[in-house]
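For reference, the structure discussed in these notes is given below.
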Amino acid sequence: MVRVRYAPSPTGALHIGGARTALFNFLFARHHGGAFVLRIEDTDQSRQVPESEAKMLAGLKSLGIVWDEGPDIEGAPYGPYRVSERLGRHRELAEALLASGQAYRCFCTPEQLEADREALRQQGLPPRYVGRCRDLSPEESERRRARGDRFVVRLKTPDTGETVVHDLIRGEVAFDNRVFDDFVIMKADFTPVYNFAVAIDDHDMAISHVIRGEEHLSNTPKQIFVYQALHFPLPAFAHLPMILAPDRSKISKRHGATAVEEYQAQGIILRALTNYLLLLGWSSPDGREILDLEDAIQSFTLDRVQRTAAIYDIKKLEWMNHQYMVQLPVEDIVALVQPFLTYPVREAPPLSEVVALCRERATTLVQLADQIRVFYHPPESYEAAGVAKHFGEEAASRLEALAARLAQLEPWDHDHLAALYDALSAELGVKRAALIHPTRLAVTGRTVGPGLFELVALLGREATVERLNTAVQRIRSQALLVE
RNA sequence: GGCCCCAUAGUCUAGAGGCCUAGGACGCCGGACCCUCAUUCCGGAAACAGCGGUUCGAAUCCGCUUGGGGCUACCA
């Protein structure tokens with residue numbers, strides 16, 4: 001039975017790196033008919049950020065990632081799903097290791113340890129624990145504990161041989177055991193350190209495959225030491241390539257949007273973001289790039305995961321978003337753009353028709369909302385470049401003539417509008433464009449947008465004529481607000 | 001510093017010894033279409049990090065160099 005997990009630390013929002021890790025775990029589980037577990041890694045209480053857990057869950061859900069077991073799933077079999085609530089088990093096993101002599105109490109103070117490390121660095125040696133407390137007698141150790149001296153628990157790690165990580169993506173990665181010191185497994189407050197807790201929790205939750213970011217590869221041997229000391233069978237490991245910022249550094253705030261919620265706020269369709277993330281470090285066997293979750297589940301395998309770190313590219317994300325903007329059912333886009341409509345929208349013209357007309361020209365939902373606006377609100381100002389180009393000498397009279405004829409046009413549809421413009425341009429002896437551009441500017445305040453006849457047909461006679469007349473007045477009274 | 005991972009165009013990638021004159025996608029440049037923009041369609045520039053091996057033959061295997069990244073905490 002395949003069982004995988006995503007174990008985020010609730011220290012903030014869901015970032016794209018974590019989202020990608022969660023996604024790959026989710027896809028792997030579904031592909032193999034296994035279970036996907038969500039575990040909250042809240043070992044270090046001091047680093048907790050309130051609301052962070054809720055944000056994580058919401059972020060994952062919004063991407064279409066769902067889990068079979070987690071802190072919010074009633075009656076899930078391997079609970080609790082918050083590491084902080086599994087403390088008893090960690091303590092129990094730490095005691096067992098202490099009793100069997102595989103771990104020991106270390107009474108060194110942080111200052112002492114720092115001084116030790118500094119001394120080693122001075123000598124050009126790698127900073128590691130010097131082992132001062134490793135050979136304290138059980139009696140001495142017990143005496144100091146009873147006396148109330150503060151201590152941490154360290155695991156005795158092997159000094160010889162090597163530890164090999166069998167990684168499903170990278171193959172065999174060998175580490176010389178001499179590079180590891182006796183690391184801390186329980187802090188002075190008798191709570192576990194990450195490397196200790198994960199190993200226990202993954203085992204206790206019957207995790208079969210540990211799929212996580214590459215930053216964990218170097219720590220995997222430490223976790224293996226824990227498995228070995230506890231006589232736990234090892235899970236399979238797979239370390240995903242990292243996602244880097246455009247300057248090849250680790251992703252951080254200064255690189256712009258990195259959290260899922262930020263992309264959402266910018267009008268990125270989350271399904272598109274998921275699809276984009278899928279392509280960061282994985283490629284489909286048939287070369288397809290637009291894949292929904294179902295497609296992805298079907299073709300996702302670990303052997304097609306890349307070993308090289310990927311740099312995320314906003315441009316491609318935007319392209320992907322546009323693909324979804326155009327390919328999703330209109331009703332979906334209508335629903336998605338709703339939160340971005342910060343202005344009142346009337347019954348007519350129907351929003352779905354407006355969306356259908358505009359979506360091809362919008363990259364994000366924010367842009368789409370901006371374009372939709374003109375269908376419900378007359379322009380208050382006009383683009384400067386457009387005014388200079390299209391609101392010249394004859395503009396007012398032409399627009400006036402247009403308004404007069406449009407008021408009589410029957411029926412009000414694309415073809416008849418086109419015929420009207422053809423006729424008038426012929427009469428005036430000007431190019432049709434000389435009528436079209438001023439009209440667009442008068443009606444929308446902009447120089448770009450949908451084809452004029454589609455636009456006007458949808459906008460309706462009343463609004464069109466009214467806006468035309470308003471523009472005429474403004475031009476004549478030189479009361480044009482230019483932007 | 002030590003240890004580990006990685007290395008195909010600006011970016012995401014295909015490629016698992018001959019099928020590679022290195023393919024696709026984003027972006028970029030040029031053109032067509034058009035009432036503008038967008039879409040679409042054509043066309044173009046652009047990469048196997050370097051050096052040594054192995055082999056009849058290497059982007060693919062090995063070594064070294066260089067470069068990038070990660071880990072090295074009583075963070076996760």
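Remember, predicted model here, so these are calculated numbers, not experimental data. Reminder, nothing fancy here: chain letters follow the sequence lines and each chain counts from 1.
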Requested in this report: Please tell me which of S284(A) and S249(A) maps to the more 5' nucleotide of RNA chain B, matching each residue to the nucleotide holding its nearest heavy atom.
Outcome: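 Nearest nucleotide further toward 5': that of S284(A).
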Requested in this report: Nearest-nucleotide wise, let me know which of L217(A) and G287(A) is further upstream toward the 5' end of RNA chain B.
Outcome: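 Counting from the 5' end, the first nearest nucleotide belongs to L217(A).
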Query raised in the report: Just wondering, do Y227(A) and P235(A) contact through their side chains at under 4.5 Å, heavy atoms?
Result: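 They are in side-chain contact.
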Query - Pi stacking test for H216(A) and rG70(B): under 5.5 Å apart, planes under 30° - result: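 Base of rG70(B): not stacked against H216(A).
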Closest to the [X] side chain: [options]?
| X | options | result |
| --- | --- | --- |
| E41(A) | rU8(B), rA76(B), rG10(B) | rA76(B) |
| V193(A) | rG68(B), rA76(B), rU13(B) | rA76(B) |
| K250(A) | rG70(B), rC12(B), rC6(B) | rG70(B) |
| S9(A) | rA76(B), rC74(B), rA38(B) | rA76(B) |
| H322(A) | rU72(B), rA38(B), rC26(B) | rA38(B) |
| K187(A) | rC37(B), rG69(B), rC74(B) | rC74(B) |
| E289(A) | rG1(B), rC3(B), rA25(B) | rA25(B) |
| M242(A) | rG70(B), rG27(B), rU36(B) | rG70(B) |
| V179(A) | rC3(B), rC74(B), rG27(B) | rC3(B) |

Sugar-phosphate only, base, or nothing, as touched by [X] at under 4.0 Å among non-hydrogen atoms:
| X | value |
| --- | --- |
| P8(A) | nothing |
| Q306(A) | sugar-phosphate |
| A174(A) | sugar-phosphate |
| G281(A) | sugar-phosphate |
| Y194(A) | base |
| A310(A) | sugar-phosphate |
| C358(A) | nothing |
| S283(A) | sugar-phosphate |
| E215(A) | sugar-phosphate |
| V152(A) | base |

Which nucleotide, if any, forms a Watson-Crick or G-U wobble pair with [N], using both distances under 3.5 Å?
| N | result |
| --- | --- |
| rC28(B) | rG44(B) |
| rU66(B) | rA7(B) |
| rC71(B) | rG2(B) |
| rU39(B) | none |

Could you give the distance separating [M] and [N] at their [atom1] atoms, to the nearest angstrom?
| N | M | atom1 | value |
| --- | --- | --- | --- |
| rG17(B) | rG31(B) | P | 44 Å |
| rG57(B) | rG68(B) | P | 34 Å |
| rA22(B) | rC41(B) | P | 26 Å |
| rA49(B) | rG67(B) | C1' | 8 Å |
| rA76(B) | rA59(B) | P | 47 Å |
| rG70(B) | rC75(B) | C1' | 15 Å |
| rC42(B) | rA25(B) | P | 10 Å |
| rG2(B) | rU60(B) | C1' | 32 Å |

Using a cut-off of strictly less than 4.0 Å, decide whether [X] has a side-chain nitrogen or oxygen near OP1 or OP2 of [N].
| X | N | result |
| --- | --- | --- |
| K316(A) | rG24(B) | no |
| T43(A) | rA76(B) | yes |
| R304(A) | rG15(B) | yes |
| R170(A) | rC5(B) | no |
| N219(A) | rU72(B) | yes |

Query raised in the report: Between the side chains of H90(A) and T43(A), does any donor sit under 3.5 Å from an acceptor?
Result: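 No, no side-chain donor-acceptor pair sits under 3.5 Å.
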Restricting to non-hydrogen atoms, name the atom on [X] and the atom on [Y] that form the minimum distance, rounded to 0.1 Å.
| X | Y | value |
| --- | --- | --- |
| Y324(A) | I333(A) | O-CD1, 3.9 Å |
| G449(A) | R361(A) | O-NH1, 3.7 Å |
| W67(A) | L57(A) | CH2-O, 3.5 Å |

Under 3.5 Å between N/O atoms: give me all the protein pairs with nucleotides 32-35 of chain B, atom names plus distance.
| residue | atom | partner | partner atom | Å |
| --- | --- | --- | --- | --- |
| rC35(B) | OP1 | R432(A) | NH2 | 3.0 |
| rC35(B) | O2' | H437(A) | ND1 | 3.4 |
| rC35(B) | O2' | H437(A) | NE2 | 2.5 |
| rC35(B) | O2 | R440(A) | NH1 | 3.4 |
| rC35(B) | O2 | R440(A) | NH2 | 2.7 |
| rC35(B) | N3 | L452(A) | N | 3.0 |

Query raised in the report: Are the side chain of D42(A) and the backbone N or O of V83(A) linked by a donor-acceptor pair below 3.5 Å?
Result: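 Side chain of D42(A) to backbone of V83(A), a donor-acceptor pair under 3.5 Å: yes, one is there.
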Query - Main-chain N/O of K222(A) paired to N195(A) side chain as donor or acceptor, under 3.5 Å - result: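 Such a contact is absent between N195(A) side chain and K222(A) backbone.
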Report task. Quickly, which of R128(A), R132(A), R121(A) forms a salt bridge (Lys or Arg N to Asp or Glu O under 4.0 Å) with D116(A)? Name it, please. Result ->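 Result for salt bridge (Lys or Arg N to Asp or Glu O under 4.0 Å) with D116(A): R132(A).
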Query raised in the report: Is NZ or CZ of R154(A) both nearer than 6.0 Å to the six-membered ring centre of Y129(A) and within 45° of the ring axis?
Result: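 That pair qualifies as a cation-pi contact.
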Query raised in the report: Given the rule in the side-chain hydrogen bond (donor to acceptor under 3.5 Å, both in side chains) test, do E172(A) and H166(A) qualify, once you have shown the distances and angles that lead to the verdict?
Result: CA-CA 5 Å; E172(A) 311 217 323; H166(A) 300 273; 2.8 Å; yes
